[in-house]
Amino acid sequence: MHAFMRLVARDVRLALREGGAVSTALGFYLVVVAILPLGLGPDLNLLARIAPGVLWVSLLLAALLSVERIFHNDMEDGTLEVIALGPLPLELVAAAKSLAHWISIGIPLALAAPVLALLLNLPAEAFWVLLLTMITGTPAISFLGAVGAALTLGLRRGGLLLALLVLPLYVPILVFGVSTMNAVITGPAPFLSSYLILCALTLATVVLAPIAAAAALRLSLS
Amino acid sequence: MQLFVEDLTCVRGGRTVFAGLSFDVSDGRGVELTGPNGSGKSSLLRMLAGFVPAAQGQIRLEGGDDDAALGEQCHYVGHLNGVKRAFTVYENLAFWADYLGGGDVMAALEAFQLENLGGIPAGLLSAGQARRLGLARLTLVHRPLWLLDEPSVSLDEGSRKILASAIRDHMKTGGMAIAATHMPLGVAFAQTLKLGAGRG
């Protein structure tokens with residue numbers, strides 16, 4: 001447990017120290033959300049209706065930008081080899097690094113969402129659901145992303161392939177994240193059932209994704 | 001403690017790199033791996049560390065910690081130094097000490113003459129200094145088996161002597177070392193294993 005926490009703390013510190021990742025993700029999120037109303041025109045009702053989907057899709061894209069870094073940098077400078085010889089099995093290494101990605105990228109993006117929602121005229125009563133679903137869904141984004149990052153480790157310019165691999169896996173999270181919000185904004189579907197499925201998706205991902213990521217890491221290390 | 005390698009075969013990308021390799025190393029002994037490029041020195045070391053699965057044969061460490069995998073009882077220093085550029089020299093070692101299980105950071109810095117560079121970001125180190133920082137891991141956390149892949153690359157004369165004395169001290173206290181090298185390390189190894197002999 002000690003080693004696990006140390007690894008999480010190190011990755012969060014590295015993300016903050018290297019800077020780029022967090023601000024790039026936040027900046028990208030802001031730009032995508034800000035540009036959309038310009039393309040769609042100033043129809044406030046339309047914007048309010050599509051706001052949940054827009055906020056979720058752009059969050060996925062923004063998170064994808066930094067997902068590659070979960071393992072790539074450590075592979076490149078050889079630290080991943082040393083980490084692999086440490087006390088943690090690779091499954092827990094993958095989990096720790098995914099968790100660190102969520103803390104350093106997922107949480108800031110989730111917290112930025114309500115601010116960006118102002119640009120899209122999201123109904124006031126939906127703000128708390130927005131924050132709630134984003135905090136619930138973003139761990140799955142980081143953990144699934146880690147699988148893609150591990151799979152594309154050996155490749156040069158694996159970024160695009162990573163997006164192709166991972167974006168389809170995000171679909172369930174996207175669907176239930178958006179439907180949970182729509183349940184509150186437009187009804188009549190009940191809020192709780194969608195939200196609980198979102199929770200279940202995240203929990204299953206957090207448990208299963210590190211196993212897949214570790215298998216891919218073993219392959220990359222050999 | 002004794003390391004046994006029995007009938008080991010390494011296949012990479014469909015090509016048999018070496019086959020039927022057997023040797024053993026006991027406490028306080030070392031093995032020098034030599035051989036031309038592509039003869040499987042690095043592959044052997046990566047197999048011993050557990051990164052590359054053996055196509056055939058087995059690797060056993062007897063008399064060690066039975067609960068720990070072989071990988072947890074060895075240090076592997078490969079072509080990459082395992083140094084985080086964004087961290088300072090001290091932070092790099094402090095993390096390894098924490099993560100790999102205890103160790104005296106200051107002593108390890110002094111052993112590789114890095115004590116004056118402790119506060120400098122590792123990204124600013126020269127190639128030789130970064131190599132020394134990677135090697136400092138060896139003395140930082142005690143592990144019985146050292147796997148060294150061309151450890152003296154980019155080291156100057158003085159640093160090579162430091163490395164040699166670190167390996168000698170390790171073997172004197174009952175440690176084992178397996179080093180692949182093209183240049184003599186200045187350490188008297190008990191065995192020399194020539195890979196790819198006759199292949200040219």
Side-chain angles (χ1 to χ4, degrees), chain A residues 1-24 66 69-97 99-101 104 150 153-154 214-222, chain B residues 10-13 42-43 45-55 65 67-88 91-102 121-123 130-131 133-138 140-141 143 145-147 149:
Chain A
M1 199 58 203
H2 174 74
F4 185 85
M5 294 316 296
R6 292 301 311 176
L7 192 55
V8 174
R10 179 198 85 134
D11 270 35
V12 171
R13 249 187 32 210
L14 268 178
L16 297 180
R17 184 81 58 93
E18 287 170 346
V22 187
S23 41
T24 311
S66 57
R69 299 166 64 110
I70 296 180
F71 297 115
H72 181 263
N73 290 359
D74 279 354
M75 186 71 168
E76 214 170 46
D77 59 23
T79 40
L80 195 62
E81 288 170 349
V82 188
I83 290 173
L85 296 180
L88 292 181
L90 278 178
E91 284 79 5
L92 285 180
V93 169
K97 294 182 78 64
L99 182 63
H101 181 262
S104 57
L153 247 191
L217 281 182
R218 278 199 190 91
L219 207 63
S220 302
L221 280 171
S222 74
Chain B
C10 172
V11 178
R12 310 230 53 185
S42 296
S43 297
L45 290 174
R46 293 187 71 84
M47 278 170 125
L48 291 170
F51 295 137
V52 179
D65 182 353
D67 290 335
L70 180 55
E72 279 176 64
Q73 301 181 59
C74 70
H75 273 302
Y76 171 81
V77 177
H79 298 267
L80 303 166
N81 295 322
V83 166
K84 273 283 160 223
R85 297 168 57 85
F87 282 158
T88 64
E91 284 172 321
N92 264 292
L93 283 183
F95 171 70
W96 291 131
D98 248 355
Y99 180 75
L100 299 173
R131 190 64 178 166
L133 178 54
L135 290 166
R137 223 168 47 232
L138 295 169
L140 177 66
V141 180
R143 290 188 165 190
L145 177 61
W146 288 7
L147 304 171
D149 197 351

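Letters A, B, ... mirror the listed sequences (proteins, then strands); counts begin at 1. Not measured: the values here are computed from a predicted model.
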### Task
For A/Leu219, check side chain to side chain contact (heavy atoms under 4.5 Å, CB included) against everything at least two apart and list the hits.
none
Under 3.5 Å, which donor-acceptor pairs link chain A to chain B? Give each pair on its own line with the distance.
unit_1: A/Arg6; atom_1: NE; unit_2: B/Asp98; atom_2: OD2; d: 2.8
unit_1: A/Arg6; atom_1: NH1; unit_2: B/Asp98; atom_2: OD2; d: 3.2
unit_1: A/Arg6; atom_1: NH2; unit_2: B/Asp98; atom_2: OD2; d: 3.2
unit_1: A/Arg13; atom_1: NH2; unit_2: B/Glu91; atom_2: OE2; d: 3.4
unit_1: A/Arg17; atom_1: NH1; unit_2: B/Ala86; atom_2: O; d: 3.0
unit_1: A/Arg17; atom_1: NH1; unit_2: B/Glu91; atom_2: OE1; d: 3.2
unit_1: A/Arg17; atom_1: NH2; unit_2: B/Glu91; atom_2: OE2; d: 2.9
unit_1: A/Asp74; atom_1: OD1; unit_2: B/Lys84; atom_2: NZ; d: 2.7
unit_1: A/Asp77; atom_1: O; unit_2: B/Gly82; atom_2: N; d: 2.8
unit_1: A/Asp77; atom_1: OD2; unit_2: B/Lys84; atom_2: NZ; d: 2.7
unit_1: A/Glu81; atom_1: OE2; unit_2: B/Arg46; atom_2: NH1; d: 2.7
unit_1: A/Glu81; atom_1: OE2; unit_2: B/Arg46; atom_2: NH2; d: 3.4
unit_1: A/Ile83; atom_1: O; unit_2: B/Tyr99; atom_2: OH; d: 3.2
unit_1: A/Leu85; atom_1: O; unit_2: B/Arg143; atom_2: NH1; d: 2.9
unit_1: A/Leu85; atom_1: O; unit_2: B/Arg143; atom_2: NH2; d: 3.0
unit_1: A/Leu221; atom_1: O; unit_2: B/Arg46; atom_2: NH2; d: 2.6
unit_1: A/Ser222; atom_1: O; unit_2: B/Arg12; atom_2: NH2; d: 3.3

Compile the donor-acceptor pairs under 3.5 Å between side chains in residues 82-89 of chain A and protein atoms, sequence neighbours left out, one pair per line.
none

